[in-house]
Peer 1: 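Here it is, the structure, as structure tokens.
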Amino acid sequence: MRHGVNLHFYRKTAAGEIEIPFQLSAHARLTSKLPERIILLLYAVAIGVVAGYGAVGFRKLIQLFDWLFFYVGTSYLRVLGRGEVIIFPVIGLVIVSMLVRRFAPEAKGHGVPEVMAAIAERGGVIRPRVVVVKAVASALTIGSGGSVGREGPIVQIGSAFGSVFGQMLGVPKRYLRLMVACGAGAGIAATFNAPIGGVMFAAEVILGSFALENFTAIMMSSVVSAAIGRIYLGNHPSFDIPIHDVGPFRAYWVYVLLGLVSGLWGTLYVKVLYRVEDWFDARRWPFWVKAVVGGIAVGVIGVWFPQIFGVGYGTIDRALSAHLPLYLLGTLLVLKLLATSITIGAGGSGGVFSPGLYQGAMLGGLVGVMLSHAHIAVSPGALAAIGMAGVFAGSAQAPVTSITMLFEMTGDYSMILPLMITSVLSATVAGLISPQNIYTMKLFRRGLDIVRLREPDRMKALTVGDVIQENRLVFDAHTSIETAWGSFAKTSEWFALVRDAKRGVVGSVARVQVVEALRADRGGEPIHNLLPAQMVRIDERASLAEALALMNEHGVTYLLVCRGDVGIGVVGSSDVIRAYRRVD
């Protein structure tokens with residue numbers, strides 16, 4: 001083999017030595033000329049540029065569809081009066097359902113879980129078509145009145161570009177994951193004008209890690225993207241919030257109360273969202289019928305409360321300025337939750353972050369107005385802003401992202417302490433109720449436990465069910481030891497499973513056990529006589545750390561793995577060692 005950028009391998013054949021060229025990837029060629037850290041920063045800049053323009057283009061696309069539906073469309077449907085708006089979400093959801101079903105099923109829903117799954121399951125690989133399909137589907141959903149946000153789509157769009165870019169360059173998987181996170185952070189940074197929040201979102205939500213080696217690239221990507229967003233969208237906070245007095249420190253118990261309430265509401269948000277999605281999934285209707293039913297439901301709500309249409313930032317601004325009455329704050333809080341859940345459950349495409357901010361503003365404003373009526377001197381506008389952070393922290397269980405993003409989006413440093421109190425308490429309350437958040441829950445229901453996989457201790461991250469080996473030899477419990485040896489002798493297997501009459505596994509026997517039994521003239525006995533008097537059982541969902549502790553406690557080398565009450569296999573100390581040594 002000769003050394004250099006272009007490698008050449010030589011293979012000897014009957015005709016002589018044949019030269020076989022081997023072309024290095026673009027990433028390998030670049031790293032042969034420049035330090036790898038510099039290369040990664042250059043990649044991050046490129047991703048930031050594309051994500052920034054992607055966020056700007058996506059916002060313009062939403063505006064285009066909004067104009068087509070609510071300006072052009074209303075001019076043709078004035079004969080229907082206020083009922084015209086019922087038709088818009090129906091049309092939007094039907095088209096989106098057809099588009100997603102035909103071209104990219106992963107573009108359905110709120111986007112962020114699909115990015116997390118790509119990192120966890122496929123090493124960061126995302127299909128190129130997701131960029132286009134997600135942009136059009138989500139812009140159409142929002143523009144037609146669907147009650148979803150724009151952050152989930154831009155995260156998926158930015159992440160998809162980062163993935164495609166990395167695949168084209170041939171970067172290793174550990175860098176491909178980072179480039180996906182760069183795209184996610186850059187998308188958030190541009191769409192909310194929140195570069196620090198973008199970094200924290202990518203680290204805390206997408207990667208689930210604050211490792212320092214991730215920060216520089218994500219930060220560079222977010223800065224570039226935010227700069228492009230400021231050029232085209234303006235350099236101002238996402239929300240127009242007056243300066244509010246958060247009160248003296250002795251009044252901070254209000255923010256403790258808001259944190260507890262926000263955590264409970266954030267948990268309710270997650271539960272209702274997936275319950276409604278389950279309801280639609282359980283219906284044996286054609287996909288377009290689900291879209292029609294969902295669109296009509298959202299449209300009917302919007303006839304009387306048009307504030308629930310789209311991302312709803314204008315209504316959030318009114319809550320932040322304390323311009324919404326008590327009844328409307330409470331009504332919009334509930335209706336936004338229902339409209340968002342129906343939009344996504346019926347096949348819509350869009351984010352759940354902005355609807356969470358909307359609900360947080362309504363919840364905080366509601367608490368503020370109620371306390372004001374009780375003659376407690378608090379600012380409903382300040383509580384509305386802090387409630388936004390609280391509900392997001394509770395639903396996403398991401399307090400750091402919540403604090404930094406809301407600080408950047410409001411631009412009011414005086415709120416930082418209340419933000420921290422409310423966000424941390426909200427995330428703590430939600431975490432005590434369920435370890436899964438609004439993003440991980442979708443994957444957990446599909447069998448992918450992101451929370452467990454992110455556990456730094458491999459023995460806690462892997463379950464017993466992940467590592468049990470498939471045995472090719474399986475004996476009925478009453479098979480004779482002599483017959484069992486005949487099967488062992490034909491193979492190189494060292495172990496075999498033993499099952500009962502109901503086909504459930506009851507234990508395992510080793511080749512050496514069978515040999516020793518034959519030497520003791522026990523060939524006629526049933527194989528189950530070789531099993532221990534009592535098998536130690538463990539659930540397939542238990543971690544390997546739990547399995548090791550159980551083996552040590554009972555002094556055994558293997559455990560019977562059960563699914564419910566039925567044995568499905570065994571896990572031994574050798575399986576644990578093999579899993580520990582395995583390299584991703």
Peer 1: After noting the C-alpha distance and the side-chain angles of I416 and I403, does the key distance pass the side-chain contact (heavy atoms from CB on, under 4.5 Å) rule?
Peer 2: CA-CA 7 Å; I416 195 69; I403 294 164; 3.8 Å; yes
Peer 1: Quick check: closest heavy atoms across S138 and F58, and the distance to 0.1 Å?
Peer 2: CB-CZ, 3.7 Å
Peer 1: Taking the side chain as everything from C-beta on, heavy atoms only, tell me whether V56 gets closer than 4.5 Å to L233.
Peer 2: yes
Peer 1: Please check if the side chain of S144 supplies one atom and the backbone of P89 the other of a donor-acceptor pair under 3.5 Å.
Peer 2: no
Peer 1: Taking side chain as C-beta onward, heavy atoms only, is I386 less than 4.5 Å from L406?
Peer 2: no
Peer 1: Quick one: pull up CD1 in I126 and CD in Q156 and give me the separation to the nearest 0.5 Å.
Peer 2: 7.0 Å
Peer 1: Could you go through the side-chain contact (heavy atoms from CB on, under 4.5 Å) check for F192 and F353 one step at a time?
Peer 2: CA-CA 11 Å; F192 287 116; F353 181 96; 3.6 Å; yes
Peer 1: For Y358, does the six-membered ring have the charged nitrogen or CZ of K336 within the cation-pi criterion, i.e. under 6.0 angstrom from the centroid and within 45° of the normal?
Peer 2: yes
Peer 1: Verify whether one side chain among S147 and T340 offers a donor that lies under 3.5 Å from an acceptor in the other.
Peer 2: yes
Peer 1: Quick one: list whatever passes side chain to side chain donor-acceptor pair (under 3.5 Å) with E408, sequence neighbours left out.
Peer 2: none
Peer 1: Working to the nearest 0.5 angstrom, can you tell me the gap between F287 CZ and L93 CG?
Peer 2: 12.0 Å
Peer 1: Hey, is the main chain of V424 close enough, under 3.5 Å, to the side chain of T428 for a donor-acceptor pair?
Peer 2: yes
Peer 1: Which is it for I308 and V298 under the side-chain contact (heavy atoms from CB on, under 4.5 Å) test, yes or no, and what are the steps along the way?
Peer 2: CA-CA 9 Å; I308 60 95; V298 173; 4.2 Å; yes
Peer 1: Indicate yes or no for a side-chain donor-acceptor contact from Y274 to the backbone of I438 under 3.5 Å, with no hydrogens or angles considered.
Peer 2: yes
Peer 1: Could you check whether any side-chain heavy atom of L64 comes within less than 4.5 Å of a side-chain heavy atom of K60, counting everything from C-beta outward?
Peer 2: no
Peer 1: Tell me, with the steps shown, if S349 and K134 meet side chain to side chain donor-acceptor pair (under 3.5 Å).
Peer 2: CA-CA 7 Å; S349 177; K134 188 67 179 181; 3.0 Å; yes
Peer 1: Please indicate whether R445 has more than 12 foreign heavy atoms, meaning atoms of other residues, nucleotides or ligands, lying under 6.0 Å from its CZ.
Peer 2: yes
Peer 1: For R37, I'd like to know if atom CZ has over 12 heavy atoms of other residues, nucleotides or ligands within 6.0 Å.
Peer 2: no
Peer 1: Quick one: does any side-chain atom of S402 pair with a main-chain N or O of A389 as donor and acceptor, under 3.5 Å?
Peer 2: yes
Peer 1: Can you name the closest pair of heavy atoms from Q436 and M441 and give their distance?
Peer 2: CB-CE, 3.7 Å
Peer 1: Could you grab the distance from atom CZ of F201 to atom CD1 of I206, nearest 0.5 Å is fine?
Peer 2: 4.5 Å
Peer 1: Please confirm whether the backbone N or O of V180 pairs with a side-chain atom of S159, one donor and one acceptor, at under 3.5 Å?
Peer 2: yes
Peer 1: May I have the step-by-step check of side chain to side chain donor-acceptor pair (under 3.5 Å) for S426 and S262, ending in yes or no?
Peer 2: CA-CA 6 Å; S426 178; S262 297; 5.0 Å; no
Peer 1: Between L337 and L273, is any pair of side-chain heavy atoms under 4.5 Å apart?
Peer 2: no
Peer 1: Kindly give the heavy-atom pair with the smallest separation between V311 and V148, and that separation in Å.
Peer 2: CG1-O, 3.5 Å
Peer 1: More than 12 heavy atoms of other residues, nucleotides or ligands under 6.0 Å from CD1 of I196: is that the case?
Peer 2: no
Peer 1: Ignoring hydrogens, what is the shortest heavy-atom contact between Q397 and A430? Give both atom names and the distance.
Peer 2: NE2-O, 3.6 Å
Peer 1: Write down the atom of M200, the atom of T401, and the distance for their closest heavy-atom approach.
Peer 2: O-OG1, 3.1 Å
Peer 1: Below 30° counts as parallel, above 60° as perpendicular, anything between as tilted: where do the rings of F69 and F65 land?
Peer 2: tilted
Peer 1: Once you round to the nearest 0.5 Å, how far does CD1 of I342 lie from CH2 of W279?
Peer 2: 9.0 Å
Peer 1: Determine whether R102 and V133 make a side-chain contact, defined as any pair of heavy atoms from C-beta on separated by less than 4.5 Å.
Peer 2: no
Peer 1: Please check if the side chain of S221 supplies one atom and the backbone of A217 the other of a donor-acceptor pair under 3.5 Å.
Peer 2: no
Peer 1: Just so I know, are the side chains of M98 and W288 near enough to count as touching, which here means a heavy-atom distance under 4.5 Å?
Peer 2: no
Peer 1: Side-chain contact, heavy-atom cut-off 4.5 Å: L40 with V171?
Peer 2: no
Peer 1: Donor-acceptor pair, E151 side chain versus V352 backbone, under 3.5 Å?
Peer 2: yes
Peer 1: Mind telling me whether F165 and Y43 have parallel, tilted or perpendicular rings, with 30° and 60° as the class edges?
Peer 2: perpendicular
Peer 1: Are E114 and K442 ion-paired here, with the side-chain N under 4.0 Å from a carboxylate O?
Peer 2: yes
Peer 1: Taking atom CG of L68 and atom CZ of F88, what is their separation to the nearest 0.5 Å?
Peer 2: 10.5 Å
Peer 1: Taking the side chain as C-beta and beyond, is there a heavy-atom pair between W265 and L333 under 4.5 Å?
Peer 2: yes
Peer 1: Could you give me the CA-CA distance, side-chain angles and deciding distance for I433 and L264, then say whether side-chain contact (heavy atoms from CB on, under 4.5 Å) is met?
Peer 2: CA-CA 9 Å; I433 297 173; L264 293 173; 3.9 Å; yes
Peer 1: Where is the tightest heavy-atom contact between R150 and S354, given as atom of each residue plus distance?
Peer 2: N-OG, 4.1 Å
Peer 1: Measuring from atom OG1 of T404 to atom CG of L419, what distance do you get when rounded to the nearest 0.5 angstrom?
Peer 2: 10.0 Å
